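Every chain is numbered from 1 and lettered A, B, ... according to where its sequence line falls, protein lines coming before strand lines. For clarity, every value in this text was computed on a predicted model and none was experimentally measured.
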Amino acid sequence: MLDPKYLRSDIEDTAARLKRRGFNLDVDAFKQMEETRKSLQVRTQELQNERNVRSKSIGKAKAAGEDIQPLLAEVEQLKNELHSAEEALSILLKDIAAFCQGIPNLPDTSVPEGKDENDNLEVSRWGEPRQFDFDVKDHVDISQGLNNGLDFESGVKLSGSRFVVMRGQIARLNRAIAQFMLDVHTQENGYQEMYVPYLVNEASLFGTGQLPKFGEDLFHTKPATEEGQGLSLIPTAEVPLTNLARDEILDEATLPVKMTAYTPCFRSEAGSYGRDTRGLIRNHQFDKVELVQLVKPDASFDALEALTGHAEMILQRLELPYRKVLLCTGDMGFGACKTYDLEVWLPAQDTYREISSCSNMLDFQARRMQARYRNKDTNKPELLHTLNGSGLAVGRTLVAILENYQQADGSVKVPEALLPYMGGLTELTPAG
RNA sequence: GGAGAGGUGGGUGAGUGGCUGAAACCAGUUCCCUGCUAAGGAACCAUACGCAUUACGCGUAUCGAGGGUUCGAAUCCCUCCCUCUCCGCCA
């Protein structure tokens, strides 16, 4: 959510900045709602004040043993007037809140303007895509040669399309990747490892911005005996991790808070029918090691660079070629003001594919969830800035390793960095 | 699942219809005293919104959430959420 004060005082400027990301702010509607709100609020408050004053005098009169009846009669009409004013105001306030909650974050000035991923700006490349002297296979074909280590048919049988069963050496590799990432982030990058719920409530989803607008991207559960949507499966650990700060006032000395968690992520992928239907790239369930930072406002842009670097470190240690992309205004998520994507090289697709997305949300999420810290200088609570990034998506890392480390005979070399996690296994073989 | 208790400001915790936006204590900030890794005293110390803006200014709302009763509710009633205790069940 944007700062309502800023929204009110600089609506034109806000609209202009939102336009950069293709969002049309209905300035007139907002102005009109605000104007009505002001007069309605003043009127309501006047009535409330009068009620309070009169009620007090009734109390005094009663204590003094006077006759209250005439006073009560006077107040009768006031009551009705106040009632309808309060009701009208509350409806309007809800409308305004809904309007404000639907506005995305303002893009940072350093973010290039653009419509979609084609307008993203490549910032850097790391590593050289390997030259193959044989026909490269994609991860699906590779896995079939490895004792059917990625079993999509079983995934369909158990759950449906976009689910997978991993077995044997590939399942082991998947686990090794996650362990490796967690170890790097906790031991070298200063993140605290967290274990969090995979089912979260509505307030949490509102806090990070999934609700109310993007509920269709989520899987909602509901206890058999109850009404309503119940809890929802997390689409990313960003939701539980960031919401740890919800309704909290953190001690400034504890900042920055750096947390990491390895969790499954669940996404309905509504609206992506037909996209990436083959393989592991786009599944309803995938594992991810997430990085979240809660920082003081003046530190968030530096933190974004650092956090992105932490995710890059994983790719470098795995010796996977990648590029770093600054997302354009049109490709950024709802709550982000600046986002770097890391795209890993996939030889079978002959292209770079997203494997991490690192964003600075400024105070956008913090305001929604009232996540604050006490400023030592002013002694006042102020909104935190929140950041998150994948460090990395485990499933796509698995894909990248299978494809980049494949060998002519169909086997796959285990990356150096993962050897300590593979129990002596140095390559994945047809024995699986 | 059954029976009970409870949810108050940064923290602990008073408060069962009007003078309580909320005692007291702790923490915090400032000042006074004190010449010393101590102690004492005083003041200040929630958030949001609105009006006003030369003001130490005024008003409204907020005591888990949402409804209701009442001239008036932290205080009474209803629903929901959460916490705790005992019993049952269970990885």
Side-chain angles (χ1 to χ4, degrees), chain A residues 1-9 30-31 33-101 195 197-207 211-212 221-232 240 243-255 363 366-384:
Chain A
M1 232 165 80
L2 300 178
D3 184 355
K5 266 187 204 141
Y6 177 72
L7 200 53
R8 265 182 259 123
S9 61
F30 183 74
K31 275 185 176 167
M33 281 196 291
E34 268 300 310
E35 227 165 275
T36 314
R37 188 201 107 244
K38 269 188 198 176
S39 59
L40 203 50
Q41 180 165 343
V42 169
R43 176 75 185 134
T44 305
Q45 292 189 353
E46 278 171 4
L47 290 168
Q48 283 170 330
N49 179 232
E50 198 169 332
R51 176 203 60 195
N52 291 346
V53 169
R54 294 207 183 198
S55 291
K56 247 170 217 173
S57 69
I58 289 175
K60 276 180 195 155
K62 199 175 173 187
E66 294 166 20
D67 183 15
I68 305 178
Q69 281 312 317
L71 292 172
L72 290 183
E74 271 178 49
V75 139
E76 181 62 28
Q77 195 198 336
L78 177 66
K79 193 185 169 189
N80 296 329
E81 243 180 290
L82 176 59
H83 213 82
S84 55
E86 277 179 336
E87 197 166 305
L89 180 62
S90 110
I91 290 169
L92 182 60
L93 286 177
K94 274 181 195 154
D95 289 346
I96 291 174
F99 182 90
C100 292
Q101 287 160 14
Y195 174 86
Y198 304 153
L199 288 164
V200 293
N201 58 29
E202 212 180 317
S204 296
L205 291 162
F206 176 82
L211 292 180
T221 70
K222 157 165 107 171
T225 53
E226 288 176 24
E227 300 291 314
Q229 76 172 28
L231 300 172
S232 305
N243 271 282
L244 283 168
R246 171 154 53 84
D247 295 323
E248 298 289 338
I249 299 175
L250 303 183
D251 189 336
E252 185 174 329
T254 65
L255 300 177
D363 59 11
R367 182 170 296 106
R368 292 177 153 244
M369 60 175 83
Q370 286 302 297
R372 297 172 294 175
Y373 76 101
R374 193 170 292 279
N375 184 316
K376 261 196 295 209
D377 298 329
T378 62
N379 206 28
K380 296 278 181 196
E382 290 177 18
L383 293 171
L384 291 163

Determine, step by step, whether A:N375 and A:E382 satisfy the side chain to side chain donor-acceptor pair (under 3.5 Å) criterion, reporting the C-alpha distance in whole Å, the side-chain angles of both residues, the deciding distance to 0.1 Å, and the verdict.
CA-CA 6 Å; A:N375 184 316; A:E382 290 177 18; 2.9 Å; yes
For A:L211 and A:R368, the nearest pair of non-hydrogen atoms, with its separation, is O-NH1, 3.1 Å
Would you say [X] places a side-chain N or O within less than 4.0 Å of OP1 or OP2 belonging to [N]?
{"X": "A:R372", "N": "B:rG10", "value": "no"}
{"X": "A:N49", "N": "B:rG59", "value": "no"}
{"X": "A:K38", "N": "B:rG50", "value": "no"}
{"X": "A:R54", "N": "B:rU70", "value": "no"}

Rounded off to whole Å, could you give me the CZ-to-C1' distance for the A:R374 and B:rU47 pair?
11 Å
Assign [X] to base, sugar-phosphate, or nothing according to its heavy-atom contacts below 4.0 angstrom with the strands shown.
{"X": "A:P381", "result": "sugar-phosphate"}
{"X": "A:K62", "result": "base"}
{"X": "A:R43", "result": "nothing"}
{"X": "A:I249", "result": "sugar-phosphate"}

Does any donor atom in the side chain of A:E86 or A:Q48 lie under 3.5 Å from an acceptor atom in the other side chain?
yes
Ignoring hydrogens and geometry beyond distance, is a side-chain donor-acceptor pair present between A:S204 and A:N201 at under 3.5 Å?
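Present: a donor and an acceptor within the cut-off.
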For [N], which nucleotide in any strand shown is its Watson-Crick or wobble partner with both distances under 3.5 Å?
{"N": "B:rA73", "value": "none"}
{"N": "B:rC25", "value": "B:rG11"}
{"N": "B:rA61", "value": "B:rU47"}
{"N": "B:rC19", "value": "none"}
{"N": "B:rG1", "value": "B:rC87"}

The residue, A:K5 or A:I68, whose nearest nucleotide of RNA chain B is more 5′ is A:I68
Nearest-nucleotide comparison on RNA chain B, the residue closer to the 5′ end among A:K94 and A:A63:
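Counting from the 5' end, the first nearest nucleotide belongs to A:A63.
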Side-chain donor/acceptor of A:Q45 to base of B:rG59, under 3.5 Å
yes
Look at the side chain of A:S55 and decide which nucleotide, out of B:rU47, B:rC71, B:rU60, has an atom nearest to it.
B:rC71
Can you identify which nucleotide, out of B:rG50, B:rU47, B:rA61, has its nearest atom closest to the A:N52 side chain?
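Looking only at heavy atoms from C-beta outward on A:N52, the closest nucleotide is B:rA61.
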Using modelled atom types only, decide if a donor and an acceptor are shared between the side chain of A:S57 and the backbone of A:R54 within a distance under 3.5 Å.
yes
